[in-house]
Amino acid sequence: MDAFEPPVSRTVQERQELERRLAALADSVPFALHYAVEQTAPTAAPGEAGGITRGADVVLPSFSTRKVSILCAALALARAGRLDPQRLLTVTAEHREGVQAGILRHLAPGLELTLDDCLVQMMCTSDNICTQLVFEAIGTAVEDLPQDALQFVNDYCAWAGMRSTLHREVFPRTGGLAWHHSLDGLTVTTAVDQARLLVMLGRGAGGTGALEAAARLQLTPADCRRAVELMRGLHTPRLGAATTRIGFAEKNGRGLRSLSQVGLALGAGGEPLAAVAVYAEAIPTAMPDGVPGRNAVFAAFAEFGRAVEDWAAPVVTA
């Protein structure tokens, strides 16, 4: 993905068809869908008329979609020479307390991983022990600055223009939450914030203006490509579950009444085509026919991905 051509900007008619299709999907389900779809073509500026949104400014729990911004913040510190990707970090028994996501909770304490290994597991298996270790490494890197690890990540999000994103915890202990929980104490975001970050990542990964786009995130094009590569390794892709002409580099989020997927739609050559952020909220525990509500959301996410595919990479007929 070093020298791909920039994606073609879609026509107004194609945009309108995608907008109609996504609205029809959102209207057909018994849960709220908040979404933002942005082209990554340099001529399509984030948040301008090219964007397709619905409830994209509504503040929602981010759960593990927060990890894209954490990843970028860590890569920025590594680029600045404050973090060593090969630094060894040690898993302790305390790190495992209350953890419900990832694989390290099943392993004995004392395991040593590099920071780079932790970034891989944080993104690919959403490992919350590795996320804690990444935050600890960030804290050490900024201990001479007027921010702790959480504040640095929040500052980074502000620098990136994610104005409604607020990281409030290193590790969200969601096990004690009820379905009707409030947002107090949780990390929150919006679909438009996540799409904005992904547009910059996609533009920074290569093509015209990549150096400038990456620099807005305090990264290089190689760093942006690394972030996209890690997102492509997600073990539970949903947006790309049923696509064939494009792929998705994704990150998921999971709460008691919330599921979310954010990611970059990628062309056949790995070139970013569009940034996608979709959040399902107030998911019923079961549908009227007994199907678990989460299953209905996963089907909706797959349909969302297919709609983006038909827009970003339409079938060419003779």
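In this chain, residues are counted from 1 in sequence order. Predicted model, so just to flag it, every value in this text is computed and none were measured. Heavy atoms only: backbone and side chains are in, while hydrogens, waters and symmetry mates are out.
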Donor-acceptor pair, side chain of [X] and main chain of [Y], under 3.5 angstrom:
| X | Y | result |
| --- | --- | --- |
| Asp223 | Leu75 | no |
| Glu271 | Leu266 | no |
| Gln261 | Phe301 | no |
| Tyr279 | Pro61 | no |
| Asp127 | Leu104 | yes |
| Arg306 | Ala241 | no |
| Gln132 | Val170 | no |
| Trp311 | Gln16 | no |
| Arg257 | Glu281 | no |

Step by step, work out the side chain to side chain donor-acceptor pair (under 3.5 Å) result for Asp193 and Thr165. CA-CA 7 Å; Asp193 271 8; Thr165 297; 2.8 Å; yes
Quick one: do Met231 and Leu198 satisfy side chain to side chain contact (heavy atoms under 4.5 Å, CB included)? Show the steps, please. CA-CA 11 Å; Met231 293 175 68; Leu198 291 167; 3.7 Å; yes
Which heavy atom in [X] sits nearest to a heavy atom in [Y], and how many Å separate them?
| X | Y | answer |
| --- | --- | --- |
| Thr190 | Val58 | CG2-O, 3.4 Å |
| Ala191 | Ala277 | O-CB, 3.4 Å |
| Phe31 | Ala300 | CZ-CB, 4.3 Å |

Can Arg254 be said to sit on top of Phe63's aromatic six-ring, NZ or CZ under 6.0 Å from centre and within 45° of the ring axis? no
Going by atom types alone, do Asp155 and Gln151 pair a side-chain donor with an acceptor below 3.5 Å? yes
From CA spacing to verdict: side chain to side chain donor-acceptor pair (under 3.5 Å), Thr187, Glu169: CA-CA 7 Å; Thr187 293; Glu169 70 265 298; 2.5 Å; yes
Side chain to side chain contact (heavy atoms under 4.5 Å, CB included) between Leu71 and Met123: does it pass, once the steps are laid out? CA-CA 8 Å; Leu71 168 66; Met123 301 306 294; 4.0 Å; yes
Verify the ring-centre separation between Phe304 and Tyr35: is it less than 6.0 angstrom? yes
Stepwise side chain to side chain donor-acceptor pair (under 3.5 Å) test for Ser64 and Ser126: CA-CA 7 Å; Ser64 286; Ser126 211; 3.0 Å; yes
Any chance CD of Gln13 has more than 12 other-residue heavy atoms, nucleotides or ligands included, within less than 6.0 Å? no
